[in-house]
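Step one of this worksheet: look at the structure below.
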Amino acid sequence: MESWDDFLAPYKQAVEELKVKLKGLRKQFERENIHSPIEFVTGRVKPIVSILDKASQKDIPIDKLGTEIQDIAGLRMMCQFVDDIEQVVELLRGRNDFEIVEERNYISHKKASGYRSYHVVIRYPVQTIHGEKNILAEIQIRTLAMNFWATIEHSLSYKYKGVFPEDIQLRLKRAAEAAFLLDAEMSQIRTEIQEAQRLFSRKKDS
């Protein structure tokens, strides 16, 4: 395989370009003074050690990393409300600067661990001095509550190498349900929250 720097370069470029484009969506909503379904956007390229760990777990040969691992380039789009997620997915489906190759709905079909998120895998064309290179990238769309749970679960998974003690596993599932209930409650008072945010924004700008 080519050097890691050469291999990862288009993924790094893709993450930076996609962050600008996806953050631009939020700015468009703000300019029109309407609620943005996007709270904020982050992105990263998977560390080499994580790529190799995943390849080892899934028995993926080195020369197949680019086609078999979908999240070497990863973006996260955070939403305030669960209903915002579908709106964001529709925005992604309507774009013509990349191709959606797979969608995975872990919100209506949560994982056994309690994990909830919506994953969109895209094929994104990166322009290089050697021509166009198409790479896979994964966009995860989730609420702030879902993201908080997923971040904690990821940290604990690293500590326990993916094998949780039974009591930790049970508490994580309970926490996942609590996060889901929080999202449900916030959705019930969505109108009041948005009105309060508009009033606060006007006061801040005055």
Side-chain angles (χ1 to χ4, degrees), residues 15 18-19 22-23 25-26 29 35-58 69-92 102-122 136-197 200:
V15 167
L18 286 164
K19 281 198 297 184
L22 299 177
K23 288 178 181 179
L25 290 173
R26 175 177 169 79
F29 281 101
H35 168 72
S36 170
I38 304 162
E39 186 68 10
F40 62 89
V41 178
T42 63
R44 62 94 185 103
V45 173
K46 201 181 235 353
I48 295 170
V49 64
S50 297
I51 295 173
L52 293 174
D53 282 347
K54 192 163 191 175
S56 176
Q57 292 169 14
K58 296 182 176 292
I69 299 182
Q70 299 176 326
D71 64 343
I72 294 176
L75 286 297
R76 286 181 187 160
M77 302 180 73
M78 307 304 172
C79 305
Q80 283 191 331
F81 304 102
V82 176
D83 290 346
D84 290 336
I85 293 174
E86 182 58 33
Q87 188 177 354
V88 171
V89 172
E90 287 298 327
L91 287 170
L92 297 180
E102 186 177 349
E103 295 183 29
R104 295 192 294 275
N105 188 341
Y106 296 122
I107 297 174
S108 56
H109 301 90
K110 67 178 180 179
K111 290 188 176 182
S113 63
Y115 175 86
R116 286 182 171 92
S117 187
Y118 198 104
H119 293 194
V120 177
V121 179
I122 65 171
L136 294 176
E138 183 180 77
I139 303 173
Q140 298 177 354
I141 307 113
R142 55 177 68 152
T143 64
L144 299 169
M146 291 174 192
N147 188 62
F148 172 71
W149 183 91
T151 301
I152 298 301
E153 193 267 352
H154 181 76
S155 299
L156 288 171
S157 181
Y158 181 81
K159 175 182 178 180
Y160 292 110
K161 295 181 170 49
V163 183
F164 294 111
E166 189 174 336
D167 63 323
I168 296 294
Q169 192 172 33
L170 180 60
R171 289 179 183 276
L172 277 173
K173 287 182 178 180
R174 287 176 179 168
E177 291 310 306
F180 184 71
L181 288 174
L182 173 62
D183 277 334
E185 289 297 326
M186 292 299 103
S187 292
Q188 292 296 316
I189 56 172
R190 173 181 179 139
T191 303
E192 287 79 4
I193 292 171
Q194 290 176 340
E195 178 60 26
Q197 289 171 338
F200 180 76

What's the separation between atom [atom1] in [X] and atom [atom2] in [Y], rounded to the nearest 0.5 Å?
X	Y	atom1	atom2	value
Ile139	Ile122	CD1	CD1	4.0 Å
Gln80	Phe40	CD	CZ	10.5 Å
Leu144	Asp183	CG	CG	8.5 Å
Thr151	His154	OG1	NE2	8.5 Å

Return each pair, listed once, that meets salt bridge (Lys or Arg N to Asp or Glu O under 4.0 Å) where at least one residue sits in residues 162-172; pairs must be two or more places apart or across chains.
none
Provide the full list of salt bridge (Lys or Arg N to Asp or Glu O under 4.0 Å) pairs with a residue in residues 81-91, sequence neighbours left out, each pair given once.
Asp84-Arg190, Glu86-Arg93, Glu90-Arg93
Measure across [X] and [Y] and return the closest heavy-atom pair with its distance rounded to 0.1 Å.
X	Y	answer
Pro37	Cys79	O-SG, 3.2 Å
Ser117	Ile141	OG-O, 3.4 Å
Ala55	Ile69	N-CD1, 4.2 Å
Thr143	Phe81	CG2-C, 3.8 Å

For [X], which residues count as a side chain to side chain donor-acceptor pair (under 3.5 Å) partner, sequence neighbours excluded?
X	result
Gln140	Arg76, Glu138, Arg142
Glu177	Lys110, Arg116
Glu102	Gln70, Arg104
Thr191	none

How would you list, by chain and number, every residue that makes a side chain to side chain contact (heavy atoms under 4.5 Å, CB included) with [X], sequence neighbours excluded?
X	value
Ala178	none
Lys111	Tyr106, Ser113, Tyr115
Arg26	Glu30, Ser36, Ile38, Glu39
Leu182	Ala145, Met186

Indicate yes or no for a side-chain donor-acceptor contact from Ser157 to the backbone of Glu153 under 3.5 Å, with no hydrogens or angles considered.
no
Any donor and acceptor pair, going by atom type alone, linking the side chain of Trp149 with main-chain N or O of Leu172 inside 3.5 Å?
yes
Do Val82 and Tyr118 come close enough that some side-chain heavy atom pair is under 4.5 Å?
no
Ile85 side chain reached by Met146 side chain, heavy atoms, under 4.5 Å:
yes
Is Phe29 atom CZ crowded by more than 12 heavy atoms from other residues, nucleotides or ligands, each under 6.0 Å away?
yes
Got a list of side-chain donor-acceptor pairs under 3.5 Å for residues 41-54, not counting sequence neighbours?
from	atom 1	to	atom 2	distance (Å)
Arg44	NH1	Asp71	O	3.1
Arg44	NH1	Ile72	O	3.4
Arg44	NH2	Asp71	O	3.4
Lys46	NZ	Asp71	OD2	3.3
Lys54	NZ	Asp71	OD1	3.1
Lys54	NZ	Asp71	OD2	3.2

